[in-house]
2 protein chains.
Amino acid sequence: MGIVRKTKSLELVLNEFRCEKTAISAIELIKRLYSKLNKTTIYRILENLEDDGVLHSFLGQEGVRWYAMCHNCSKSKHNDLHPHFECVNCGKIDCLNLEVNIPNIPNRKVSSSQILIQGKCEECYDLK
Amino acid sequence: MGIVRKTKSLELVLNEFRCEKTAISAIELIKRLYSKLNKTTIYRILENLEDDGVLHSFLGQEGVRWYAMCHNCSKSKHNDLHPHFECVNCGKIDCLNLEVNIPNIPNRKVSSSQILIQGKCEECYDLK
DNA sequence: ATGTTATTGCAACTTTGTTGCAATAACAAA
DNA sequence: TTTGTTATTGCAACAAAGTTGCAATAACAT
């Protein structure tokens, strides 16, 4: 459906993404905004922001949904084919601004792909 | 923990994978074996078979877990880094026997990756 | 200032998966 | 074959993540 009205709830959710350059899981958002917003509201705002091309979502290793700011997306088209990187040490996930080449596959029509790369992020890599 | 005893339940689960070349979701297995096995038993057998390197698991688009036969895996090491292909038309998922090159990423240590490719499978592609 | 309707909060529900525990079944040893 | 040990199973209850229906509230166009 997309966002129609500018509400306080919407601002609270958007603010979390403004302060943060990495992705945020729905669960984490619910925890952060616990005292201010109901989880149903949060899920609905996330869905609307995704419809509008403001956020994109993907699944982390544990099967929970994460959200991150879009860069070149619009209401009509999501360009969120970049891979995501999940740190096995601190759990943080962020978007990787790089292209991974998906080869053609005989007799199949590829329409999209999701790539989750695991490893140690910058900070955790430096620690050891 | 891995499989220790050869039980009827184990045989029932393994049979499903013998008849099937594609992956099977835990949910689908529970439906198929509904009258014969408890879902708890099925989850436990799947876990044990994965520990043993007989099956590997991954998440499908909807966040549910799928299982497929391993080919070169053992108790000590899983080699399940191949991509999986999910048909957007019929919902089937199977393993792709191909390598996708994950580029090096500065300051990060990549340890593994999960790739889910979406599109139309052989059968659904031919239909149209 | 007012009327319309999008948004919110709440409670109840759904789906997928997990846990504890007593009963049962594999199977090694006698 | 019988017996004893313990892995496996089924059940019920739980848990986490997300969804739905509905009445109350808040945006905002007029």
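All chains are named by letter (A, B, ...) in the order of the sequence lines, taking the proteins before the strands, and each is independently numbered beginning at 1.
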Q.
Listing request: all ring-ring contact (aromatic ring centres under 6.0 Å, His included) pairs with a residue in residues 72-120 of chain A, at least two apart in sequence or in separate chains.
A.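 Output for this query lists A:His56-A:His82, A:His56-A:His84, A:Phe58-A:His84, A:His82-A:His84.
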
Q | Pair listing, ring-ring contact (aromatic ring centres under 6.0 Å, His included) test, anchored in residues 88-115 of chain B, at least two apart | A |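 Pairs touching residues 88-115 of chain B that pass the test: none.
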
For residues [X] and [Y]: do they belong to one hydrophobic cluster (side chain heavy atoms under 4.5 Å, members Ile, Leu, Val, Met, Phe, Trp, Tyr)?
X        : Y        : answer
A:Leu37  : A:Ile3   : yes
B:Val100 : B:Leu116 : no
A:Ile30  : A:Leu59  : no
B:Phe17  : B:Ile45  : yes
A:Met69  : A:Leu12  : yes

Whole Å only: how far is the [atom1] atom of [X] from the [atom2] atom of [N]?
X       : N      : atom1 : atom2 : result
A:Leu46 : C:dT7  : CG    : C1'   : 15 Å
A:Ile3  : C:dT7  : CD1   : C1'   : 10 Å
B:Glu62 : C:dT15 : CD    : C1'   : 12 Å
B:Asn48 : C:dT18 : CG    : P     : 12 Å
A:Trp66 : D:dA17 : CH2   : C1'   : 14 Å
B:Arg65 : C:dT18 : CZ    : C1'   : 14 Å
B:Glu11 : D:dT8  : CD    : P     : 14 Å

Q.
A:Val64 vs A:Trp66, test: side-chain contact (heavy atoms from CB on, under 4.5 Å). Steps then yes/no.
A. CA-CA 7 Å; A:Val64 312; A:Trp66 290 68; 3.6 Å; yes

Mind checking what makes side chain to side chain contact (heavy atoms under 4.5 Å, CB included) contact with [X], not counting sequence neighbours?
X        : result
B:Lys109 : A:Lys120, A:Tyr125
A:Asn89  : A:Cys87, A:Cys124
B:Glu16  : B:Ile24, B:Leu29, B:Arg32, B:Leu33

(Q) Closer than 4.0 angstrom, basic N to acidic O: yes or no for A:Glu11 and A:Lys6? (A)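 Looking at A:Lys6 together with A:Glu11, the answer is no, because their closest N to O distance does not fall below 4.0 Å.
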
Q. Taking everything shown except A:Gln61 itself, do over 12 heavy atoms lie less than 6.0 Å from its CD?
A.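 More than 12 heavy atoms, drawn from other residues, nucleotides or ligands, come within 6.0 Å of this atom.
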
Q. Is a side-chain N or O of A:Glu86 found less than 3.5 angstrom from the main chain of A:Ile117, in a donor-acceptor match?
A.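 Between the backbone of A:Ile117 and the side chain of A:Glu86 there is no qualifying donor-acceptor contact (under 3.5 Å).
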
Q: For the pair A:Val110 and A:Asn104, evaluate side-chain contact (heavy atoms from CB on, under 4.5 Å) and give the outcome as yes or no after the intermediate values.
A: CA-CA 7 Å; A:Val110 172; A:Asn104 270 3; 5.8 Å; no

Q.
Under the salt bridge (Lys or Arg N to Asp or Glu O under 4.0 Å) definition, can you give me all pairs with a residue in residues 44-56 of chain B, not counting sequence neighbours?
A.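 The answer is B:Asp52-B:Lys75.
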
Q: Any chance you could list the contact pattern along nucleotides 22-30 of chain C? Use B for base contacts, S for sugar-phosphate-only contacts and - for none, protein heavy atoms under 4.0 Å, 5' to 3'.
A: ---BBS---

(Q) Expected output is a numbered-order residue list: members of residues 49-61 of chain A with a heavy atom under 4.0 Å from any atom of DNA chain D. What is it? (A)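 Listed by number, there are none.
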
Q: Using a cut-off of strictly less than 4.0 Å between a heavy atom of the residue and any atom of DNA chain D, enumerate the qualifying residues of residues 25-33 of chain B by number.
A: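 By residue number: none to list.
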
Q: With side-chain hydrogen bond (donor to acceptor under 3.5 Å, both in side chains) as the test, would you mind laying out the steps for B:Gln114 and A:Gln118 before giving the verdict?
A: CA-CA 8 Å; B:Gln114 263 115 81; A:Gln118 272 117 14; 3.1 Å; yes

**Q.** Helix axis bend for the helix from C:dA1-D:dT30 to C:dA30-D:dT1 - C1'-based end axes, five pairs, 10° rounding
**A.**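 The end-segment axes of the helix from C:dA1-D:dT30 to C:dA30-D:dT1 are tilted 30° relative to each other.
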
Q) Does any residue of residues 37-45 of chain B have a heavy atom under 4.0 Å from DNA chain C, and if so, which ones, in number order? A)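 DNA chain C contact set from residues 37-45 of chain B: B:Lys39, B:Thr40, B:Tyr43, B:Arg44.
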
Interface polar pairs with nucleotides 2-4 of chain D, N/O, under 3.5 angstrom:
none

Q.
Apply side-chain contact (heavy atoms from CB on, under 4.5 Å) to residues B:Leu10 and B:Leu49 and explain how you reach the verdict.
A. CA-CA 9 Å; B:Leu10 173 65; B:Leu49 287 172; 4.0 Å; yes

